[in-house]
Amino acid sequence: MKFFIFPSNPKYYRARESFEALGKIHWKQGKTKMVNVGDVVYIYEAKPTQGLIVKASVLETNVTNYHIDDSDFSSSTMDFGKTPPWFTLEKIQDISSIINLGQLNDLGINGNIQSIRKVPSNIANKIENLIGDFSFNPLESVIYEGKKKFIYTVDCKFNPNFWTNLSA
């Protein structure tokens with residue numbers, strides 16, 4: 001299994017809404033041959049979001065029959081259903097705490113996301129940890145001398161027997 005980031009521009013296609021409503025969608029494949037069935041895809045939404053919004057799985061590649069009607073989510077005159085081949089993607093989960101471009105850069109994804117990008121497994125593991133950590137809050141990141149640092153907090157109750165247990 002490999003991991004990829006697919007770019008999405010909400011000016012042309014509302015990916016988050018289409019995944020929410022349909023669960024499965026077609027995605028323009030073009031000449032891309034490196035993506036296979038079973039691979040994991042993170043959908044990166046361009047401005048204004050500029051972050052990962054959905055995690056999906058590749059169900060099919062080289063689809064030539066565009067049979068999922070997602071025309072309600074196309075925001076332009078562009079008809080994505082006229083130029084095969086496509087991928088069929090199925091939503092695994094919404095990424096509620098959006099991982100933004102700056103965080104992706106910090107993780108090792110360089111530059112802007114303007115085309116399909118393969119994600120090395122060590123970076124995919126970090127993304128998975130951020131997605132699975134529901135206590136993660138991107139607003140807790142701070143700028144200190146030009147570097148971004150994450151501050152994590154732990155909510156724990158004071159144990160009045162703590163010092164007693166240490167001396168035993």
Side-chain angles (χ1 to χ4, degrees), residues 1-120 123-124 126-134 136-141 143 148 150:
M1 172 173 49
K2 295 177 290 198
F3 296 85
F4 295 90
I5 296 176
F6 286 12
S8 172
N9 189 335
K11 209 164 46 172
Y12 302 113
Y13 186 75
R14 296 184 313 279
R16 182 192 304 267
E17 292 176 41
S18 66
F19 274 112
E20 188 65 36
L22 303 172
K24 289 182 195 173
I25 65 169
H26 289 305
W27 199 273
K28 182 74 180 130
Q29 180 176 336
K31 296 180 181 182
T32 303
K33 300 294 181 199
M34 63 184 162
V35 180
N36 298 308
V37 171
D39 288 344
V40 172
V41 171
Y42 302 106
I43 305 297
Y44 173 86
E45 188 173 77
K47 288 182 181 179
T49 307
Q50 287 187 297
L52 301 181
I53 58 167
V54 172
K55 177 182 173 184
S57 177
V58 179
L59 296 181
E60 298 175 286
T61 62
N62 299 310
V63 174
T64 56
N65 180 18
Y66 200 96
H67 59 278
I68 298 173
D69 182 12
D70 59 353
S71 57
D72 289 344
F73 307 101
S74 182
S75 319
S76 71
T77 57
M78 296 178 77
D79 186 357
F80 296 105
K82 291 197 180 211
T83 52
W86 303 278
F87 298 113
T88 302
L89 304 179
E90 181 175 42
K91 180 175 90 171
I92 297 173
Q93 75 179 83
D94 286 318
I95 301 175
S96 55
S97 60
I98 295 168
I99 300 171
N100 66 38
L101 183 59
Q103 292 165 319
L104 289 172
N105 291 161
D106 290 346
L107 292 173
I109 303 291
N110 297 321
N112 292 323
I113 310 297
Q114 297 178 341
S115 62
I116 294 176
R117 302 273 293 273
K118 186 172 186 215
V119 178
I123 295 174
K126 292 175 185 176
I127 292 171
E128 287 297 313
N129 287 337
L130 291 175
I131 291 172
D133 182 2
F134 297 109
F136 174 74
N137 182 352
L139 297 177
E140 290 181 346
S141 64
I143 303 297
K148 187 177 286 189
F150 294 101

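- Residues satisfying the side-chain hydrogen bond (donor to acceptor under 3.5 Å, both in side chains) criterion with D69, sequence neighbours excluded, are S71.
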Checklist entry - Step by step, would you call V37 with L59 a side chain to side chain contact (heavy atoms under 4.5 Å, CB included)? => result CA-CA 5 Å; V37 171; L59 296 181; 5.9 Å; no
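- Remark: T32 engages no residue in a side-chain hydrogen bond (donor to acceptor under 3.5 Å, both in side chains) (not counting sequence neighbours).
- The backbone N or O of N110 sits less than 3.5 Å from a side-chain atom of R117, completing a donor-acceptor pair.
- With values rounded to the nearest 0.5 angstrom, I25 atom CD1 is found 4.0 Å from S18 atom OG.
- In this structure, Q29 CD and T61 OG1 are separated by 5.5 Å, a value rounded to the nearest 0.5 Å.
- Residues V54 and I95 fail the side-chain proximity criterion, which asks for heavy atoms closer than 4.5 Å.
- Taking 4.5 Å as the limit, every side-chain heavy atom of T49 sits out of range of all side-chain heavy atoms of Y44.
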Next on the checklist: Apply side chain to side chain contact (heavy atoms under 4.5 Å, CB included) to residues I99 and Y42 and explain how you reach the verdict.
Outcome noted: CA-CA 10 Å; I99 300 171; Y42 302 106; over 6 Å; no
Side-chain atoms of residues 85-92: list all donor-acceptor pairs with protein atoms under 3.5 Å, sequence neighbours left out, distances to 0.1 Å.
| unit_1 | atom_1 | unit_2 | atom_2 | d |
| --- | --- | --- | --- | --- |
| W86 | NE1 | F80 | O | 2.9 |
| T88 | OG1 | H26 | ND1 | 3.3 |
| T88 | OG1 | E60 | OE1 | 2.8 |
| K91 | NZ | E20 | OE1 | 3.3 |
| K91 | NZ | D94 | OD2 | 3.4 |

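- With hydrogens and angles disregarded, a donor-acceptor distance shorter than 3.5 Å links the side chain of K28 to the backbone of T83.
- Side chains of S8 and Y13: no donor on one and acceptor on the other come within 3.5 Å.
- Residues forming a salt bridge (Lys or Arg N to Asp or Glu O under 4.0 Å) with R14 (at least two apart in sequence, or on another chain): E17.
- Every side-chain contact (heavy atoms from CB on, under 4.5 Å) that N105 has, sequence neighbours left out, goes to L101.
- Between the CG atom in N100 and the CD atom in E45 there is a gap of 13.0 Å [rounded to 0.5 Å].
- Using the six-membered ring where Trp is involved, W27 and F6 have ring planes that are tilted, between 30° and 60° apart.
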Next on the checklist: Go through it in stages, so that I can follow the logic: the residues are K11 and K47, the test is side chain to side chain contact (heavy atoms under 4.5 Å, CB included), and I'd like the CA-CA distance, side-chain angles, deciding distance and then a yes or no.
Outcome noted: CA-CA 9 Å; K11 209 164 46 172; K47 288 182 181 179; over 6 Å; no
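- Contact detail for A15 and I43: the closest heavy-atom pair is CB-CG2, 4.1 Å.
- Considering CD1 of I113 and CD1 of I5, their distance stands at 4.5 Å, rounded to 0.5 Å.
- Residues satisfying the side-chain contact (heavy atoms from CB on, under 4.5 Å) criterion with K2, sequence neighbours excluded, are F4, N36, D39, K118.
- Once rounded to the nearest 0.5 Å, the distance linking CG of L104 with CD1 of I123 reads 9.0 Å.
- In this structure, Q114 CD and N112 CG are separated by 5.0 Å, a value rounded to the nearest 0.5 Å.
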